[in-house]
Amino acid sequence: MEFSNLYDDISSVVEETNSSFDTVCRNRRRNYDEEDDDNNDDEGKFKSKNLKAERKRREKLKSRMLQLRSLVPKITNLNKETIITDAIDYIEELKISVTNLTNKIHEMEVEMAMEESFDIIQVCPQEKMKNWGIELEVEVSRINENKLWMKIIFEKKVGGFTKLMEAMSMLGIEVVDISVTTTKGAILITSCIEGKLLVPERVREELLDVIKVI
């Protein structure tokens with residue numbers, strides 16, 4: 001009887017130990033599973049953020065490539081490498097064109113400056129007009145009751161055109177559709193003029209007096 005009781009007690013202790021051991025194992029397994037789930041969630045979130053950032057970067061790059069392609073007039077192919085290569089070639093062509101145009105403008109400015117200096121030093125406008133047989137001239141003809149047509153040729157001087165316009169304004173003459181040309185030391189002006197009670201002969205005489213004293 002005592003041996004039987006002892007056996008029962010030992011069996012009971014073993015069962016309780018096994019039960020406790022199983023419980024501990026289950027708890028540890030649950031903790032590991034929960035940690036794995038947390039790690040997987042973090043990794044998933046990290047991957048998701050990376051995918052969104054990469055997708056956004058690709059979309060931005062694609063937009064920039066399309067914009068670049070629209071600015072380059074000649075694209076031989078539509079892949080990225082070709083678009084960039086063609087854009088570089090186009091920029092190089094533009095740089096060469098800008099350089100050539102800049103050089104031409106500089107040459108024109110130098111030539112104009114030399115011509116102006118030569119004209120000022122060598123030949124005055126009055127002499128140039130005389131050499132070319134150009135004389136002071138005023139022509140006035142009637143278009144309608146209040147409108148006349150005029151043609152004026154006078155010596156090219158600094159401020160001469162402004163003085164003529166001021167004198168015409170003082171005479172009550174309004175200038176319409178004016179054309180101004182300078183050549184061979186002279187200024188040629190053709191225009192329609194308006195004003196009340198304008199008499200062509202009288203207007204011609206007044207304008208001729210004006211250009212003589214400019």
Side-chain angles (χ1 to χ4, degrees), residues 66-76 86-214:
L66 291 174
Q67 185 178 3
L68 179 61
R69 186 179 68 181
S70 66
L71 295 175
V72 179
K74 182 181 178 181
I75 296 294
T76 56
D86 291 340
I88 293 173
D89 293 340
Y90 180 59
I91 292 171
E92 292 295 333
E93 292 177 2
L94 290 178
K95 289 172 64 177
I96 294 173
S97 298
V98 169
T99 301
N100 292 337
L101 289 174
T102 302
N103 292 336
K104 288 182 179 179
I105 292 173
H106 180 68
E107 291 174 359
M108 291 174 63
E109 290 176 347
V110 171
E111 290 177 1
M112 291 176 63
M114 292 178 63
E115 288 178 359
E116 291 177 359
S117 296
F118 182 80
D119 289 342
I120 293 173
I121 297 172
Q122 301 294 331
V123 184
C124 68
Q126 186 177 6
E127 291 181 358
K128 289 187 69 175
M129 289 177 63
K130 184 178 179 180
N131 292 338
W132 287 93
I134 301 173
E135 298 179 353
L136 299 179
E137 182 180 352
V138 177
E139 293 183 15
V140 181
S141 58
R142 183 173 296 281
I143 297 176
N144 56 40
E145 183 178 356
N146 296 321
K147 181 179 287 188
L148 305 177
W149 176 84
M150 74 169 190
K151 171 187 174 183
I152 301 176
I153 299 175
F154 63 102
E155 184 182 340
K156 179 183 177 182
K157 291 183 179 179
V158 177
F161 177 76
T162 302
K163 292 177 181 179
L164 176 62
M165 294 296 103
E166 291 175 350
M168 292 177 66
S169 178
M170 293 178 64
L171 294 172
I173 300 174
E174 182 181 354
V175 178
V176 182
D177 298 329
I178 190 170
S179 173
V180 180
T181 304
T182 60
T183 180
K184 300 177 177 66
I187 297 179
L188 168 63
I189 297 176
T190 57
S191 174
C192 292
I193 56 176
E194 294 181 348
K196 295 181 179 180
L197 304 177
L198 293 179
V199 180
E201 292 78 11
R202 183 177 178 182
V203 172
R204 178 184 177 279
E205 292 176 359
E206 291 175 341
L207 293 178
L208 190 57
D209 291 337
V210 170
I211 63 174
K212 285 180 179 179
V213 297
I214 289 177

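- In this structure, the side-chain contact (heavy atoms from CB on, under 4.5 Å) partners of Ile143, at least two apart in sequence or on a different chain, are Lys147, Trp149, Cys192.
- With rounding to the nearest 0.5 angstrom, the CD1 atom of Ile187 is 10.5 Å from the NZ atom of Lys157.
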Taking distance alone, no hydrogens or angles, what donor-acceptor pairs closer than 3.5 Å link side-chain atoms of residues 201-211 to residues at least two apart or in another chain?
| unit_1 | atom_1 | unit_2 | atom_2 | d |
| --- | --- | --- | --- | --- |
| Arg202 | NE | Glu206 | OE2 | 3.4 |
| Arg204 | NE | Val138 | O | 3.0 |

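- With sequence neighbours excluded, no residue forms a side-chain hydrogen bond (donor to acceptor under 3.5 Å, both in side chains) with Thr162.
- Here the closest non-hydrogen pair linking Lys74 and Asp86 is O-CB, 3.6 Å.
- Scanning all heavy atoms of the two residues, the minimum distance from Val176 to Ser191 falls at O-OG, 2.9 Å.
- The two atoms that bring Ile193 and Met150 nearest to each other are CG2-SD, 3.8 Å, heavy atoms only.
- Under the 4.5 Å side-chain criterion, counting only non-hydrogen atoms from C-beta, Leu164 is in contact with Ile189.
- Here Ile134 contributes atom CD1 and Lys156 contributes atom NZ; the two are 12.0 Å apart, rounded to the nearest 0.5 Å.
- Sorted by first and then second residue, the salt bridge (Lys or Arg N to Asp or Glu O under 4.0 Å) pairs with a member in residues 159-180 form an empty list; sequence neighbours excluded.
- Note that the CD1 atom of Ile173 and the CD atom of Glu194 stand 11.5 Å from one another [nearest 0.5 Å].
- A distance of 7.5 Å separates CG in Asn146 from CG in Leu197, rounded to the nearest 0.5 Å.
- In terms of the side-chain contact (heavy atoms from CB on, under 4.5 Å) criterion, residue partners of Arg69 (sequence neighbours excluded) are, by chain and number, Leu66, Ile75, Leu78, Ile83.
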Cut-off 3.5 Å, no hydrogens considered: what does the side-chain donor-acceptor table look like for residues 90-101, sequence neighbours left out?
| unit_1 | atom_1 | unit_2 | atom_2 | d |
| --- | --- | --- | --- | --- |
| Ser97 | OG | Glu93 | O | 3.1 |
| Thr99 | OG1 | Lys95 | O | 2.9 |
| Asn100 | ND2 | Ile96 | O | 3.3 |

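- Side-chain contact between Ile178 and Phe161 is present, with at least one heavy-atom pair separated by less than 4.5 Å.
- Residues Leu188 and Lys151 have side chains in contact (heavy-atom distance under 4.5 Å, counting atoms from C-beta outward).
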